[in-house]
Asks: 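Below: one structure in structure tokens.
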Amino acid sequence: MRIVEENSVLYGFEPIEVISAEYKGDFKVQIGFSNGDIRVVDFKPFLTGTTHPAIKKYADENLFLSFKVLDGNLIWNDWDMIFPVSDLITGRII
């Protein structure tokens with residue numbers, strides 16, 4: 001048996017990717033997506049509500065600002081923190 005990767009283009013859809021991210025202040029990031037959507041996502045409730053130390057450290061604004069767009073994702077510190085694009089596009093970070 002041979003397993004091959006299926007191409008999503010054959011099924012009529014392209015995966016949505018993050019193409020831009022701009023800090024807007026107070027832990028809000030304006031995110032641009034490959035489908036043309038733009039959304040401002042508020043990360044503050046998530047960061048202040050978590051007790052996990054690996055995530056809680058990003059409640060420090062200076063560390064939070066270390067985000068970047070890489071391979072269609074919004075990431076922090078070499079993949080230390082990442083969210084599904086589907087959550088970012090809906091603005092529901094959990």
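Computed from heavy atoms alone, side chains included, the values below leave out hydrogens, waters and symmetry copies. Quick caveat, the model's predicted, so the values are computed rather than measured.
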Asks: Could you grab the distance from atom CG of Leu70 to atom CD1 of Ile82, nearest 0.5 Å is fine?
Replies: 8.5 Å
Asks: Could you walk me through whether Asp71 and Trp79 pass the side chain to side chain contact (heavy atoms under 4.5 Å, CB included) test, one step at a time?
Replies: CA-CA 11 Å; Asp71 297 330; Trp79 305 93; 4.0 Å; yes
Asks: Side-chain contact test, heavy atoms from C-beta onward, threshold under 4.5 Å: evaluate it for Gln30 versus Ile38 and give yes or no.
Replies: yes
Asks: Answer yes if Ile93 and Val40 sit in the same cluster of Ile, Leu, Val, Met, Phe, Trp and Tyr residues linked by side chain heavy atoms under 4.5 Å apart, and no otherwise.
Replies: no
Asks: Tell me every residue that passes side chain to side chain contact (heavy atoms under 4.5 Å, CB included) with Asn77, counting only those two or more places apart in sequence or in another chain.
Replies: Tyr58, Leu63, Ser66, Asp80
Asks: What are the two closest non-hydrogen atoms of Pro15 and Ser34, and how far apart are they?
Replies: O-OG, 3.7 Å
Asks: When rounded to the nearest 0.5 angstrom, what is the spacing between CD1 in Ile31 and CZ in Arg39?
Replies: 9.0 Å
Asks: Does the pair Lys28/Asp26 count as a salt bridge with the N-to-O cut at 4.0 Å?
Replies: yes
Asks: Drop me the distance from Thr90's OG1 to Asp37's CG, to the nearest 0.5 angstrom.
Replies: 11.0 Å
Asks: Evaluate side chain to side chain contact (heavy atoms under 4.5 Å, CB included) for Val18 paired with Val85, printing each intermediate quantity in order.
Replies: CA-CA 7 Å; Val18 174; Val85 173; 4.2 Å; yes
Asks: If you group Ile, Leu, Val, Met, Phe, Trp and Tyr by side-chain heavy-atom gaps below 4.5 Å, do Leu74 and Ile19 land in one group?
Replies: no
Asks: Would you call Phe46 and Phe27 a side-chain contact if the rule is heavy atoms closer than 4.5 Å?
Replies: no
Asks: Shared ILVMFWY cluster between Ile75 and Ile16, side chains joined below 4.5 angstrom?
Replies: no
Asks: What distance do Glu61 atom CD and Leu47 atom CG have between them, rounded to the nearest 0.5 Å?
Replies: 11.0 Å
Asks: Please check if atom NZ in Lys68 has more than 12 non-hydrogen atoms from other residues, nucleotides or ligands closer than 6.0 Å.
Replies: no
Asks: Identify, with sequence neighbours excluded, every residue that meets ring pair (Phe, Tyr, Trp, His ring centres under 6.0 Å) alongside Phe43.
Replies: Phe64, Trp76, Phe83
Asks: Applying side chain to side chain contact (heavy atoms under 4.5 Å, CB included) to Met81 and Ile55, what does each step give before you reach the verdict?
Replies: CA-CA 7 Å; Met81 185 167 72; Ile55 301 299; 4.0 Å; yes
